[in-house]
Amino acid sequence: MLRRWIGVNVALMIVGAGCGGSIGGAGSPTATPRCSPDVTVSSTPTATASATPTSSRTQRPSSTPTASPSPAPAPEPGANITFFGLAAADDVPLQPIGTDANGRPVFERRFGQGFSLVLEARPGSNRQRVGGSAFNYDPTDPFVRPDLQVLLSRPLGNGSPAVCDNSSPNFGGIPAVEPPYFSEAQVISDAINDLGCRFVDGTGNPSGRSDSDACTMFPDATFHFVDALSTIQFCARIAAAFRFPEGDTVVTARVRDAGGQFGPVRQMVVRINPTASGSPTLTHVPTATATPSYTPTPVPSPGPPGEITFFGIAGADSAPLEPTGEDSEGRPLFERRFGRGFYLVIEAKPLGGLRHVGRSAFNYDPTDPAVRPDLQVLLSRPLGDGSTAVCDNGEPTFGGVPGTDSPDFRETQAVSDAINDFGCRVDDGTGNPSGRSDSDACTMFPDATFHFVAEDSDVQFCAFIASSFGFPPGDTVVSARLREGQVRQIVIRVTG
């Protein structure tokens, strides 16, 4: 049963100008930053922080292009930001409601979470490609930074200074840096990487996206860049753990090109106003291209069995959807105009008095059909091109998922291949093919909170259906089970 449904999902995008900065925090060490040459400010800030960063993830640069909505001025040297703003819960880009006293675009939202920050860029006059990393970190070297660098005038969530605390069991916020200097202080690098860790591509890696993997959707139900000149897009979905506070927060950004040169600093204002009703959307419709990749690490040991508590879909805005009816066999029927741009969502609870459910969605051995993940999904018809290659969900080849004649989970290599090929597309929010906890759920509700659909669920599995493995027109039966649990089925009907 649904606990609550319907929701709003927004994809943020950023616009403005500024200069590097300092982090505020009581009783923290100080550092004297240097002002970045591309912006002038009137005071010299101090950098403060109160904790040691926790993450050491390596960067995964991307050289994919991005886009921008307004008429493009002549490019300046370095990477030029072409779009900086927000996208709504349904992934539609938003227009600002106006500008503040300093001429910065203002994006107003009712809630501080459930939307995305979106930034796009293109090469500057020196024609160097735009750098694609959003996370590049060394806790002992403040010069180690990613290509995308974003600072905030006010803390998000609890403002935790821990770097990349964006997963279970600790979900932390992001510290503020005010004034926004990009000086070479460690606390500045910590803040840049802490937010950069949340700018993920379509496979969960902290890097930019190509046009075909854009996080912004348009009236024709296609996903692509906002600005036709963009060569890369960065997207950060704002979750409850690092939501924006009420009032105005200035977001300052710059991007580096492959030659190491930064383009002009841009700024925008994100205004959280509980009385706001929403913002108008853009109607600009550019083109499409390629996507990033990821090959998950197999999970060797099986987890405890489970019973499915929710099996359905959620819209692009992350709101769980009710079935439109039943098919002739009494299976829930979910009708969509397009076969892509929504989530397949499965939740489960433990069987036999156990405390937890197995969480793996990918566990593969091409020579042993008995090696399988905890979540097992089969499809009556192929998705996308129906490619039989396992986990072909990244560059250079983006393939589909094969169908099976019947929901027979018999122990053959072909069935294990199909199970793992779909399971590879499940994402825990950090790019790993595994289940999510309640605090990191992919389903959002009317109060703008993310949580499980069923109250007794212990785990949630989410797979966003992209164009490379979209559902075909007509009815596709989706069969699922958690290891040793009962098989459940739904029907997805694509009418377009």
Side-chain angles (χ1 to χ4, degrees), residues 1-10 89-90 111-115 157 166-172 198 204 237-243 299 303-323 332 334 342-362 373-377 422-423 425-465 478 480-490 492:
M1 291 182 59
L2 295 181
R3 225 170 16 188
R4 276 162 287 174
W5 58 279
I6 309 173
V8 186
N9 200 351
V10 186
D90 59 359
F111 303 105
Q113 64 201 64
F115 54 86
N166 190 33
S167 59
S168 182
N170 298 315
F171 292 91
R198 334 271 167 144
R237 178 159 294 186
I238 306 302
F242 53 101
R243 61 186 176 274
V299 181
E307 175 186 346
I308 292 176
T309 50
F310 175 81
F311 188 12
I313 67 175
D317 61 357
S318 295
L321 302 174
E322 288 192 329
F334 294 86
F342 58 87
Y343 291 89
L344 185 69
V345 182
I346 299 169
E347 296 181 1
K349 68 179 181 180
L351 273 177
L354 298 170
R355 294 185 61 189
H356 295 293
V357 178
R359 279 168 155 70
S360 68
F362 182 87
D374 298 309
L375 174 68
Q376 301 177 11
V377 177
F422 184 83
R425 331 272 165 149
V426 171
D427 183 354
D428 67 356
T430 65
N432 294 309
S434 59
R436 301 172 179 234
S437 63
D438 186 60
S439 60
D440 196 37
C442 69
T443 43
M444 190 176 74
F445 296 83
D447 59 356
T449 61
F450 286 82
H451 53 74
F452 290 158
V453 180
E455 293 183 1
D456 55 349
S457 296
D458 174 65
V459 66
Q460 181 186 77
F461 298 91
C462 304
F464 186 77
I465 308 301
V478 187
R481 71 176 185 179
L482 268 293
R483 200 181 285 277
E484 299 176 32
Q486 183 180 3
V487 175
R488 291 274 300 277
Q489 293 182 317
I490 63 172
I492 295 180

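Side-chain atoms are counted along with the backbone in the values below, which use heavy atoms only and exclude waters and symmetry mates.
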Rounded distance [0.5 Å steps], [atom1] in [X] versus [atom2] in [Y]:
X: Phe310; Y: Arg488; atom1: CZ; atom2: CZ; value: 9.5 Å
X: Phe452; Y: Cys442; atom1: CZ; atom2: SG; value: 9.5 Å
X: Ile313; Y: Tyr343; atom1: CD1; atom2: OH; value: 12.5 Å
X: Leu344; Y: Phe464; atom1: CG; atom2: CZ; value: 12.0 Å
X: Thr449; Y: Gln113; atom1: OG1; atom2: CD; value: 7.0 Å
X: Thr430; Y: Arg436; atom1: OG1; atom2: CZ; value: 8.5 Å

* To do: Answer yes or no: is there a donor N or O on one side and an acceptor on the other, between the side chain of Asp374 and the main chain of Leu482, under 3.5 Å?
  => no

* To do: Examine distances only and state if a side-chain atom of Thr443 and a backbone atom of His451 form a donor-acceptor pair shorter than 3.5 Å.
  => yes

* For residues Gln376 and Arg481, is any side-chain donor paired with an opposing acceptor at under 3.5 Å? -> yes

* Asked: Do Asp456 and Thr309 have side-chain atoms, one donor and one acceptor, less than 3.5 Å apart?
  -> no

* Considering non-hydrogen atoms only, spot the tightest contact between Phe342 and Ala314 and give its length. => CB-O, 3.3 Å

* Where is the tightest heavy-atom contact between Val377 and Phe422, given as atom of each residue plus distance? -> CB-CD2, 3.7 Å

* To do: Carefully, step by step, assess His356 and Val459 under the rule side chain to side chain contact (heavy atoms under 4.5 Å, CB included).
  => CA-CA 8 Å; His356 295 293; Val459 66; over 6 Å; no

* Of Val426, Asp458, Asp428, the residue whose pairing with Arg359 passes side chain to side chain contact (heavy atoms under 4.5 Å, CB included) -> Asp458

* To do: Kindly write out the residues that satisfy salt bridge (Lys or Arg N to Asp or Glu O under 4.0 Å) with Arg425, not counting sequence neighbours, or none if the list is empty.
  => Asp392, Asp421

* **side chain to side chain donor-acceptor pair (under 3.5 Å) involving Asp427 - partner list, sequence neighbours excluded** => none

* Only counting residues at least two apart or in another chain, list the ones meeting side chain to side chain donor-acceptor pair (under 3.5 Å) with Glu307. => none

